[in-house]
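The structure under discussion appears below in the form of structure tokens.
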There are 2 protein chains.
Amino acid sequence: MKKVTITDVARHAGVSIKSVSRVINDEPSVRPALKAKVDQAVAELGYRPNFAARALAAGRSFFLGVLFDNPSASYTLQVINGAYAACRAAGYQLVIENIDAAARDVSAQMEDILHSSRLDGMIVTPPACDSEAVLTALETKGLPYVLLAPGHEEPGASSVASNDAAGVFELVRHLWGLGHRRFGLINGPATHGASHWRREAFLNALAERGADPATVVMADGEFNFSSGIGAGLHILRQTPRPTAIFAQNDDMAAGVFAAAAQLGIKIPDDLSVVGFDDSWIAKSVWPELTTSRQPIWEMTEAAVQLLLNRRKGEKGGNQMFECTLVARGSTAPPRG
Amino acid sequence: MKKVTITDVARHAGVSIKSVSRVINDEPSVRPALKAKVDQAVAELGYRPNFAARALAAGRSFFLGVLFDNPSASYTLQVINGAYAACRAAGYQLVIENIDAAARDVSAQMEDILHSSRLDGMIVTPPACDSEAVLTALETKGLPYVLLAPGHEEPGASSVASNDAAGVFELVRHLWGLGHRRFGLINGPATHGASHWRREAFLNALAERGADPATVVMADGEFNFSSGIGAGLHILRQTPRPTAIFAQNDDMAAGVFAAAAQLGIKIPDDLSVVGFDDSWIAKSVWPELTTSRQPIWEMTEAAVQLLLNRRKGEKGGNQMFECTLVARGSTAPPRG
DNA sequence: CTGAAAGCGCTTACAG
DNA sequence: CTGAAAGCGCTTACAG
């Protein structure tokens, strides 16, 4: 079982190795007849290009990285899956990198990451995408990157975002339509752009319907499960108790389930709960969580595409994706 | 910011590139003085060897794969994290591969995986590690592999396993000590070796204490969250109702929480629940789950080591790790 | 549109 | 114990 190389293919097809290379890389201006011959030889010999050789000769690694610093395990897993698939489809490998963007030595961490893995590009997830130290390191290194859901305007940077505001509006319409009038809101940490715009969207949507935003009971969370419990307990101990809670992500919403269970409050009979993201945890609670689906799969796919286009010299861009309401069992009309 | 190559280092240190190569690869028989010079040059120039060049020249990829076909998202995530860290520490990259080992075309799937990614070795997780088609494909290709928690004896194969039986015994001792006498058991799917030995261990441990195994209410699950709900509902509707349930993994245990919530049964007051694995989901339920910790981190580290040793011509081995009882809030004495 | 040459940055034998 | 040569399998300029 010896390895088939580009030379074998060239010989088999009766062309030069350069022609084989052209066909493999989908370069333009290859005569169809030649391409057909090469394709056939590739198929017959079962040829697969050698990653290392391509990387060495081309001076790139065929590695794309995703940078994480996210408190939500389910969101992280979802982004990994999406980015992984997109990379594979494009003939790239995915490398996962973690940093602590709140630490004092972010620059050193970035230095280490950028130095050791020879990446061709990087997807930067929140909240790292809003860290000046992270972006500076990227710029200094000259590594192409794309920001996922950045909380600020970065001139000249490529980004992929979701229309959270519209998603939140839909959630509010859903809850309002069910008859809810007393609301609780669990915010994410201030370091995340999403915390701000999801809160604003929620309060604005209520105001639009004539509700007084001041009556909304708020609590702060960390976008993870356990902070959702604490925030949930706080809100559910208020009088009068809200009949519906919007947790700014699914992990915290799952925490609210735990808080409700502790207090003997039944979902959705006594309390409606909605989250955001539609990540894995949304279907791991009972009843299943009503939430707004962020199209992570499509978003990561777009991010990978932006990164690859950048290589071809094309300008980057800023893409926006729509969120979709996913109504499940955790919401119902309020009792009484 | 030009790239520093082995030639630069050699020149800077006043030695041949071969010597630099020896130092970098920790080859024996390098005089300390020479090594010191090289190390200094490496540090001063900030040299990092080029992955692609090493891979090409050495004829290996520096890629290790993990093969998954597992229904538990939290277990999967845990294995990924552990394997990832172990790979990084060893200077390798981790590639994640998924198959459907129950499908008819397993061989074709494996063929594709083995052909496209040039791996130096593979960690095979359950239940793929018990699929004959998977193992045959690996053998045919001649790719070194190590089995994670295999359910059968594979002559000559390296493996890493955990002592589940002892872990289950500890869980039973814990529950029995709290005063429980009526038990429910949720099995995993028959394709998983763990399903069998965890059940046997559970029933044996009870028998040892004089309990009649026939009184245990059993239900079958799929090692995922939603099957845990169904199995939980089934068990909790029995009369007399068990006061404690052992779900064979944490995901199913979390499902039991949902089932209990539906039926208005409080944990741990009305029902004690224990799982197995101590994966991420164990701390994402409330009260937190009492479980048996499988040392995944250490296990994956050992698996990577076995794979790398294999390269050095060393024989493989079969390692066994101990599980640890992690008592949390989901267990308490039965009421009344 | 196609090809022959050079070279990417390492490691593997092979000398000494 | 150390080094000079050859080569891993591709791609990048450069010709034609």
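Order of the sequence lines sets the chain letters (A, B, ...), proteins ahead of strands, with each chain counted from 1. In this text the structure is predicted, and so the values were computed from the model without any measurement.
Among pairs with a residue in residues 73-101 of chain B, those fulfilling ring pair (Phe, Tyr, Trp, His ring centres under 6.0 Å) read B/F62-B/Y92, at least two apart in sequence or across chains.
Qualifying side-chain contact (heavy atoms from CB on, under 4.5 Å) partners for B/A101, counting only residues two or more places apart in sequence or in other chains: B/D69, B/I99, B/S131. Partners of A/T125 according to the side-chain contact (heavy atoms from CB on, under 4.5 Å) rule, which considers only residues two or more places apart in sequence or in another chain, are A/V66, A/F68, A/V79, A/L148. A search for side-chain hydrogen bond (donor to acceptor under 3.5 Å, both in side chains) contacts involving B/N81 returns nothing, not counting sequence neighbours. Legend: residues meeting side-chain hydrogen bond (donor to acceptor under 3.5 Å, both in side chains) with B/N98, ordered by chain and number and at least two apart, are absent. Qualifying side-chain contact (heavy atoms from CB on, under 4.5 Å) partners for B/S279, counting only residues two or more places apart in sequence or in other chains: B/S74, B/Q78, B/D250, B/D251, B/D277, B/I281. Contacts of A/E139 classified as side-chain contact (heavy atoms from CB on, under 4.5 Å), with partners at least two apart in sequence or in another chain: A/Y145.
Toward the 5' end of DNA chain D, the nearer of the two residues A/R60 and B/S19, judged by each one's closest nucleotide, is B/S19. Where B/T7 and A/R31 each meet DNA chain C at their nearest nucleotide, the meeting point lying more 5' is that of A/R31. In terms of position on DNA chain C, the residue among B/V20 and A/I17 whose nearest nucleotide sits closer to the 5' end is A/I17.
A 4.5 Å side-chain heavy-atom check between B/R310 and B/S158 finds at least one atom pair inside the cut-off.
Bounding nucleotides for the chain B contact on DNA chain D, 5' to 3', at a heavy-atom distance below 4.0 Å, are D/dC1 to D/dG9.
Among the atoms of the strands shown, none is found under 4.0 Å from any heavy atom of B/F62.
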Writing each nucleotide of DNA chain D 5' to 3' as (, ), [, ], | or . by Watson-Crick or G-U pairing under 3.5 Å yields |||.||||||||.|||
